[in-house]
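Letters go in sequence order (proteins before strands), and every chain restarts at 1. The basis for the numbers below is simple: all heavy atoms, side chains too, and nothing from hydrogens, waters or symmetry mates.
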Number of protein chains: 2
Amino acid sequence: MTSNQATPPARSEPPAGTTPHTAPARTPHREPPRTTAATRATSRDVARAAGVSQAAVSLVLGDKWRGRVSATKAEAVRAAARDLGYRPNLAARSLRMGHTRTALLVVPALTTEFFARVYTGAARLAADHGFGVVLYPSPEGIGPARDPFDSASATLDGVIASSMAADALSALRHAGLPLVMLDSDPDDDRAGATVNLDIADGVRQLTTHLLTLGHRRITHLTAGVDSWTFALRASTLAETLRQTPGTQLRHHPAALGVDAGLHAAHAALTGPGPRPTALLCDDDIIAAGACKAVRRLGLRVPEDVSVTGFDDLALAVAVEPELTTVRLPAEEFGEAGMRALMAVLDGGRPESPTLPVELVTRGSTAPPPADTAPAS
Amino acid sequence: MTSNQATPPARSEPPAGTTPHTAPARTPHREPPRTTAATRATSRDVARAAGVSQAAVSLVLGDKWRGRVSATKAEAVRAAARDLGYRPNLAARSLRMGHTRTALLVVPALTTEFFARVYTGAARLAADHGFGVVLYPSPEGIGPARDPFDSASATLDGVIASSMAADALSALRHAGLPLVMLDSDPDDDRAGATVNLDIADGVRQLTTHLLTLGHRRITHLTAGVDSWTFALRASTLAETLRQTPGTQLRHHPAALGVDAGLHAAHAALTGPGPRPTALLCDDDIIAAGACKAVRRLGLRVPEDVSVTGFDDLALAVAVEPELTTVRLPAEEFGEAGMRALMAVLDGGRPESPTLPVELVTRGSTAPPPADTAPAS
DNA sequence: CGCCGCAGGTTATACGTATCACGTCCGGGT
DNA sequence: ACCCGGACGTGATACGTATAACCTGCGGCG
C-alpha cells in the first residue's frame, strides 16, 4: 500500500436503523473507473516495482528461475507481485502458449442431477491440476443447435463428451480436438479414450436380485433416448433373462421425467396379458413416476409390484418407499473423464477404465405376490 | 497392448522419392506448418486465400466493412473463411479487446437442481448475445477454498454471484469486477445490480394458504444456511403470523437434504407442547424428508400434518403426496442476472428487478385434523 | 594467456487479432 | 485548375506473456 489514491474513507455507512427515508441515490452520471483496480497490474508493472526485467518476472513466477535469477531478486519479484495483486492475463498466456488448460464438457442437460455431479467431479480434479472446465449443455438444454465453440468463450484444449449428447458430436469431430467419450461404445474410434460405467454389471445385479426374489414377469421402462448406454441396458437385460427359463420380458418406451414414467407404467400395468410383477426403470425419475402409477391403480409398492431405478439420485431416498437402484459413481465418472483427457493432452497413453457400479437394495423391491401364477 | 510406437504408416513422406539426399531429415531450423489440420487457420491464412490483407479479413468478419471493403472482396473473404474452417482465436481477440465476453456464475453447489436451472437460464441468454458463462461452484462443491480466478481459465468480464456463496465474495470484491448479486439484500453496496425473487410474497402466499385452511400451529423447518434469502423467509413468516392472533410459530433448524429434513421434522413433531399441524420447509428436499418423518410416526400427510416446500423442483411432483410449494422461476432468475450484468458492462444503468413467484397448491396441504384443539 | 562454462541477467520476438493511421484513386463542387 | 471527401485498401502497431537468443563478468583450467 503506497499511494495510488488508496484508503477509501469509511464508505459513509449508515450504522443502523434510520433507513434514509428519501434515499435519493442520485449520481446517475457514470462512475469512471476511479476506484483502484481500474487496470490490472501486468508483469511489466511487477518488473518495474521489483527493479528487474519483465522476463525475470515471468521466469520467477513460472518457477523456472533455477540458475537464472538470484534468490534475492526472486523474492523481490514475488513480494512485488503480491503487493500489486498481480494476476497473469490468461488470454495473453493462452495466446503465447498455444493452449488454454480448459476442457469442454458436453452433456445432454444440466438439470439432471447426474450430469451436475459428473461436472462437479471433473471440475474438482481439473482444478487440482490447474485446469478449468466449461460446459456445453446440448441443444435441448440451451436452445437451438449452436456451435459449441461459440458457447465456450475460451478456446479449448480438449473435449469430454457424453454419448447422450450425440447431436453435438459432429461439430466436435470436425474441430479435431482431443476427445474423451463418456459411456460410449469402446469401439468408437472417434475418441482418444473412452470412460465407461459398468452398466452391464449393474443390470445383471439388478436382474439377479429380482430373479432371486422370485419375479418372472419383468417390464423394462426405457428412457426412449437413443444412446449407447441405454441400448446396453436393454440388451443386457434381455440376455440375462434369456438364461433363466420361464421369464417374460417386455419393453415399454417412456421418456425422461416423472410424468413419462407414470404414463408408461400405467400402460404397462393395464396392458393385455398377465400383469408384470416388476418394473425395471431406466432411471430413478422414471421409477418415481412408476411408483405413482402403481398406487393410482390401487396397488402397492413393493407388495404388489416391485420397482427399480437407476443412478441413485437424491430422489431415490426422497420417495417412499425408497428405491432399490443401481448407484452410478457420477463424480468419479467425471474425474475419470478429466484424468483421461489430461493423459491424452500430455501425450501419454490414456487409460480407458470401466468404473464399477453398485446395487443398492431398498424398499421398492420385494417378492412378488404369492397368488401370482408363474408365467407360462 | 504391445507397442504403442507402431502404426504410423506413411505418416507424411511424399513417396515421390528422389528427395535430394543432400537434405537429410535434419533441418532442425524451423518446422514449417506442414500438416494442415495440425494448426488451425488464422485470419492471415484467410487473407492469403482471399487475396486481401489480414486487416480486411478482420474488417469483413467483424462486420465493420461498411465503406472500407468492396462487396466483391467481402464475399471472397467470407468464402475463404468458410473453406478453411476459420475460427478466430478467442485468446488473441480477448487480449486485443481487453474483454472476454465471459461471465462467472458463483453458486453454492451445482448438484442442487435450482442452481443448475439458474445456470441454464443465464447461459441461454448469454449465448444469444455472444457471451459465455463459466461456473464457480463454491468450496463445498469443489474442494477447499480456491481462488475463483484460478478456477476460471478465461479471464472474466463480470461476475454473477448468489448470496448463498458468501464465502467466495471477499475474493470477488477484491478483484473489482462488475458484480451482480442474486437474491441479496438490496442495500448491499457491493453489487452493481441486484436481482431478487419475491421470496417475501411467496412466504405470504404460503402462510395465507395455511391460515385459510385453518392451521394455527406452524413450525418452520429452516435450511440452516446463513444467507439473506433464508433469513427473509423466517422474518416474513414471523411477521405475517404476528398479524393473525392465536397462532403459534416455531423454528426448527434443519439443513439441506432429505435426511436433515427427516430428523428435524421428527424432532418438531415429537417435541414438547402441542404438535404443529403444518410444517413449512425452506425447500422441497427438506419437505420430502419431513413427509417421511410424518409417516414414520404413524401420521398421514396431509390429513394429520400439512407439509409445504419451496422452489418447485422436479422432486415436488415425484413424491406422494405432491408438494404444495412456491414455484421459483429459476431459469428467469439466471436470465435476469445475466441481463443485468450485460447492462452494467454496456455502461448503462442496470435494472434490479424482483421476479414474481407463484404458489402451487398440491396434495400435501389440507385443513388440520378436526380434533385439534386451537392453540392457546 | 586464452577461453570455456556458468550464474545472472536483459533484449527481442512471436502468438493472432482489431484498429489506427496512412495511402491511392476518383468524381464533383467552386 | 484545385482541393475535398468518400470509397477501397494496406501496413504498422499493441495487447501481455513466455522463451529463445544474447550479453557480461568471473573463476578455473589447460
Listed nucleotide nearest any side-chain atom of B:Tyr86, set D:dT10, D:dT17, C:dT17: C:dT17
B:Trp65 CH2 to C:dT19 P, straight-line distance once rounded to whole Å: 17 Å
Atom pair distance, as rounded to whole Å: NZ in A:Lys73 and C1' in C:dT10: 11 Å
Distance in angstrom units between A:Arg87 CZ and D:dT17 C1', rounded: 17 Å
Listed nucleotide nearest any side-chain atom of A:Pro88, set C:dT10, D:dT17, C:dC15: D:dT17
Pair B:Thr102, B:Asp157: side-chain N/O donor-acceptor within cut-off below 3.5 Å: no
Whole-Å distance separating the CZ atom of A:Arg101 from the P atom of D:dT17: 17 Å
B:Asn89 CG - C:dC15 P separation (whole Å): 12 Å
Pairwise 5' ranking along DNA chain D for A:Ala92 and B:Val69, keeping only the more 5' one: B:Val69
Short side-chain to backbone donor-acceptor contact, A:Asp45 and A:Thr42, under 3.5 Å: yes
CZ-CG distance between B:Arg339 and B:Asp128, expressed to the nearest 0.5 angstrom: 10.0 Å
Nucleotide C:dT17, atom C1' - distance to CZ of B:Arg40 in whole Å: 13 Å
Short side-chain N/O contact from A:Ser70 to OP1 or OP2 of C:dA7, under 4.0 Å: no
Flag, side chain of B:Arg78 to backbone of B:Lys73, donor-acceptor distance under 3.5 Å: no
Nearest-nucleotide comparison on DNA chain D, the residue closer to the 5′ end among A:Thr42 and A:Arg68: A:Thr42
Length of the CG-C1' vector between B:Leu95 and D:dT13, whole Å: 13 Å
B:Asn89 side chain to B:Ala91 backbone, donor-acceptor under 3.5 Å: yes
Contact check, side chains of A:Leu341 and A:Pro178, non-hydrogen atoms, under 4.5 Å: yes
Sugar-phosphate, base or nothing in reach of B:Gly62, heavy atoms under 4.0 Å: nothing
DNA chain D-proximal residues of residues 44-55 of chain B, any heavy atom under 4.0 Å: B:Val52, B:Ser53, B:Ala55
Whole angstrom value for the distance that separates P of D:dA21 from CG of A:Leu59: 15 Å
B:Leu125 side chain near B:Phe131 side chain, heavy-atom distance below 4.5 Å: no
